[in-house]
Amino acid sequence: MVFSKRTQNTIRLTLISLSVLLAWIVTAVILFNVFRAPKVAFYNVSPQVVSAFSEVLRSDLKKVEIINLDANKKLPSNIEKYNLVFMKNGAAMELIQKKAVPLTEQLFSQMPTPIANSTRTSAGHFALPLLLDHFEIAYYGTYRKKAGLEIPEDYESLLEYLIQVKNYAEIPMAVTGADDDTLFGFVSLMAQSVYGESGYSEMIRELKNSISTNTLPVSTELLLNEIKTLQESGLLLPNWYTLEKKGLVLLMNEHKLGAFCCSLENHRKIDFNLIKYYESQFFPPYQVNTGHSLIAPEIVALKFKNDKKMDPVLIHLISSDCQTLLSTKTRLAPVNARAIPHDSQSDDVRFWAASCIGGPVPDLGTAAALTPDLKKQLALKIRNYLSE
């Protein structure tokens, strides 16, 4: 078919116009991607942590969109739309890290090896540890000194300690188990003590496999039986799994308590005039010479877009200066070996995490449950078992 000159010119002009329009669209898309604000999400971390990291991010990036994801809902399926995600190490993180961008080994060079290895997979690193929390036992110093007792170094000496301190304290040990995370934390402390590093890992694997059922694995039931023995002997508050913070504070005010277990983050929320009399320590192992991990939930960062603008941000977040700032703002433990911790307590947490063969590990609820609903169901099963 032969077109007239006029038609040919019209077609030529149309093609040129389409080419210009296409070039404009491509340019607009490129410019949009270059200049749009990176998206950074936080999931299931405290407001203090969000505030501290947001301050650094706004300083490092000219523009940044910060989103707080609903901790009562499971992570969105399109998590890769965010440049960075900050969350706790655990089952939910393990699931989404399959979509994350691999991280360079350089980022891990300034932290102790057990901490660096805590997020290592067979395929490399996909999550960067940044801060450490810790589930601890805190001893009431006044009664410890009156009884002439030393800090327990193993589980047997802990039991003897609680028996002796019962001469002074109405309740030798308590836990605010009405809070799910604290419930999981204490059960995890006991599991790590009794089973050790490899036994705890196996217990988590069994819990993952049975998380959607109405039953608990045998290893978990045996551990809960040990906790029941403490309840029945009067060494542990019998209804500790329903105790709220206000109840703990009342016991502290009335000098009825010999020791209690909680996270470092919650320790910071107790009035200084009460908490200053308590000495925070790691929970003693069943046997001193067996391999153990530290129940120390980590705040980690995952990168989901291969955007080079995020690389300097991650390098800054792990630097000693920034780690010092983050520890000061959150009062949690830094992971950088040269950072200055907020205080001796956060320094101890970093030291213990670096000293344990298994390094820092999450509590069993965070480690085994993929969604908030599954965590709630697991907490309910544990409380029901302990109350039988």
Side-chain angles (χ1 to χ4, degrees), residues 135-137 152-166 169-243 247-248 257-263 282-288 290-295 358 361-369 374-388:
F135 282 101
E136 62 184 36
I137 182 168
E153 293 186 357
D154 56 35
Y155 188 69
E156 185 178 349
S157 61
L158 172 64
L159 296 182
E160 183 59 30
Y161 180 99
L162 296 176
I163 291 169
Q164 294 298 323
V165 86
K166 197 174 181 181
E170 183 178 321
I171 299 166
M173 185 167 65
V175 185
T176 52
D179 170 67
D180 286 354
D181 287 335
T182 305
L183 176 90
F184 292 138
F186 179 66
V187 176
S188 301
L189 289 179
M190 289 289 295
Q192 189 60 233
S193 176
V194 173
Y195 291 142
E197 176 201 5
S198 59
Y200 181 72
S201 297
E202 180 60 30
M203 179 179 164
I204 296 301
R205 281 192 288 271
E206 292 174 1
L207 275 170
K208 283 181 177 180
N209 293 333
S210 65
I211 194 79
S212 299
T213 69
N214 293 324
T215 60
L216 291 167
V218 173
S219 60
T220 303
E221 289 187 346
L222 289 173
L223 180 75
L224 295 179
N225 287 341
E226 177 67 23
I227 295 176
K228 278 187 173 184
T229 300
L230 293 177
Q231 296 170 194
E232 292 163 1
S233 64
L235 299 182
L236 173 65
L237 183 71
N239 64 335
W240 68 271
Y241 46 85
T242 62
L243 181 67
L248 179 74
L257 202 56
F260 73 96
C261 297
C262 76
S263 67
F282 64 88
F283 198 84
Y286 197 81
Q287 292 181 325
V288 174
T290 55
H292 285 83
S293 301
L294 190 74
I295 307 300
V361 294
D363 65 86
L364 61 87
T366 306
L374 287 174
K375 282 184 75 172
K376 290 175 184 176
Q377 291 172 27
L378 178 58
L380 180 61
K381 285 191 284 186
I382 290 174
R383 287 194 183 93
N384 287 342
Y385 191 90
L386 290 171
S387 63
E388 290 173 354

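In what follows, every heavy atom counts, from backbone to side chain, and hydrogens, waters and symmetry copies are set aside.
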**Message:** I need the full list of salt bridge (charged side-chain N to carboxylate O under 4.0 Å, His left out) pairs touching residues 185-194, with sequence neighbours left out, sorted by first then second residue.
**Reply:** none
**Item:** Partner set under side-chain contact (heavy atoms from CB on, under 4.5 Å) for S210, not counting sequence neighbours
**Value:** T213, P217
**Request:** Any pair with a residue in residues 172-185 that passes side chain to side chain donor-acceptor pair (under 3.5 Å), sequence neighbours left out, goes on the list, sorted by first then second residue, please.
**Result:** D179-T182, D180-R383, D181-K375
Please report, to 0.1 Å, the donor-acceptor pairs under 3.5 Å made by any side chain of residues 234-242, with sequence neighbours excluded.
from	atom 1	to	atom 2	distance (Å)
W240	NE1	Q231	OE1	2.8
T242	OG1	N239	O	3.0

**Request:** Only counting residues at least two apart or in another chain, list the ones meeting side chain to side chain donor-acceptor pair (under 3.5 Å) with E206.
**Result:** S219
**Request:** Just jot down the salt bridge (Lys or Arg N to Asp or Glu O under 4.0 Å) partners of K166, sequence neighbours excluded, or say none.
**Result:** none
**Prompt:** In chain order, what residues pass the ring pair (Phe, Tyr, Trp, His ring centres under 6.0 Å) check against Y286, with sequence neighbours excluded?
**Reply:** Y155
**Complete:** On a heavy-atom basis, the closest approach of Q287 and H292 is O-CE1, 3.4 Å
**Request:** Kindly give the heavy-atom pair with the smallest separation between L243 and L248, and that separation in Å.
**Result:** CD1-N, 4.0 Å
**Fill in**
Residues at least two apart in sequence or cross-chain that pass ring pair (Phe, Tyr, Trp, His ring centres under 6.0 Å) with Y195, listed by chain then number, are none
**Request:** Output yes when a side-chain donor or acceptor of E197 lies under 3.5 Å from a complementary backbone atom of S293, and no otherwise.
**Result:** no
**Asked** Rounded to the nearest 0.5 Å, how far apart are CG of L189 and SG of C262?
**Response** 10.0 Å
**Request:** Would you check if M173 and V165 make a side-chain contact, meaning some heavy-atom pair closer than 4.5 Å?
**Result:** no
**Asked** Passes side chain to side chain contact (heavy atoms under 4.5 Å, CB included), L294 versus V361? Steps please.
**Response** CA-CA 6 Å; L294 190 74; V361 294; over 6 Å; no
**Asked** Which residues satisfy the side chain to side chain donor-acceptor pair (under 3.5 Å) test with Q164, sequence neighbours excluded?
**Response** E160
**Backbone of L364 reached by a side-chain donor or acceptor of Y200 within 3.5 Å** = yes
**Item:** ring pair (Phe, Tyr, Trp, His ring centres under 6.0 Å) against F260, all qualifying residues, sequence neighbours excluded
**Value:** Y278
**Asked** Which salt bridge (charged side-chain N to carboxylate O under 4.0 Å, His left out) pairs, counting each pair once, include a residue from residues 221-238, with sequence neighbours left out?
**Response** none
**Which residues share a ring pair (Phe, Tyr, Trp, His ring centres under 6.0 Å) with F282, sequence neighbours left out** = W352
**Asked** Given the rule in the side chain to side chain contact (heavy atoms under 4.5 Å, CB included) test, do L216 and L378 qualify, once you have shown the distances and angles that lead to the verdict?
**Response** CA-CA 9 Å; L216 291 167; L378 178 58; 3.9 Å; yes
**Asked** Taking all atoms of both residues into account, what is the closest heavy-atom pair of D363 and S188, and its distance?
**Response** CA-OG, 3.4 Å
**Asked** When rounded to the nearest 0.5 angstrom, what is the spacing between CD1 in I295 and CE in M190?
**Response** 12.0 Å
**Message:** I need the L158 CG to L230 CG distance, nearest 0.5 Å.
**Reply:** 8.0 Å
**Request:** For Q377 and I211, work out which heavy atoms get closest and say how close.
**Result:** OE1-O, 4.4 Å
**Request:** Evaluate the side-chain proximity of Y385 to T220: yes if any heavy-atom separation is below 4.5 Å, no if none is.
**Result:** no
**Request:** Kindly compute the distance separating CG (L386) from CG (N225), expressed to the nearest 0.5 Å.
**Result:** 9.0 Å
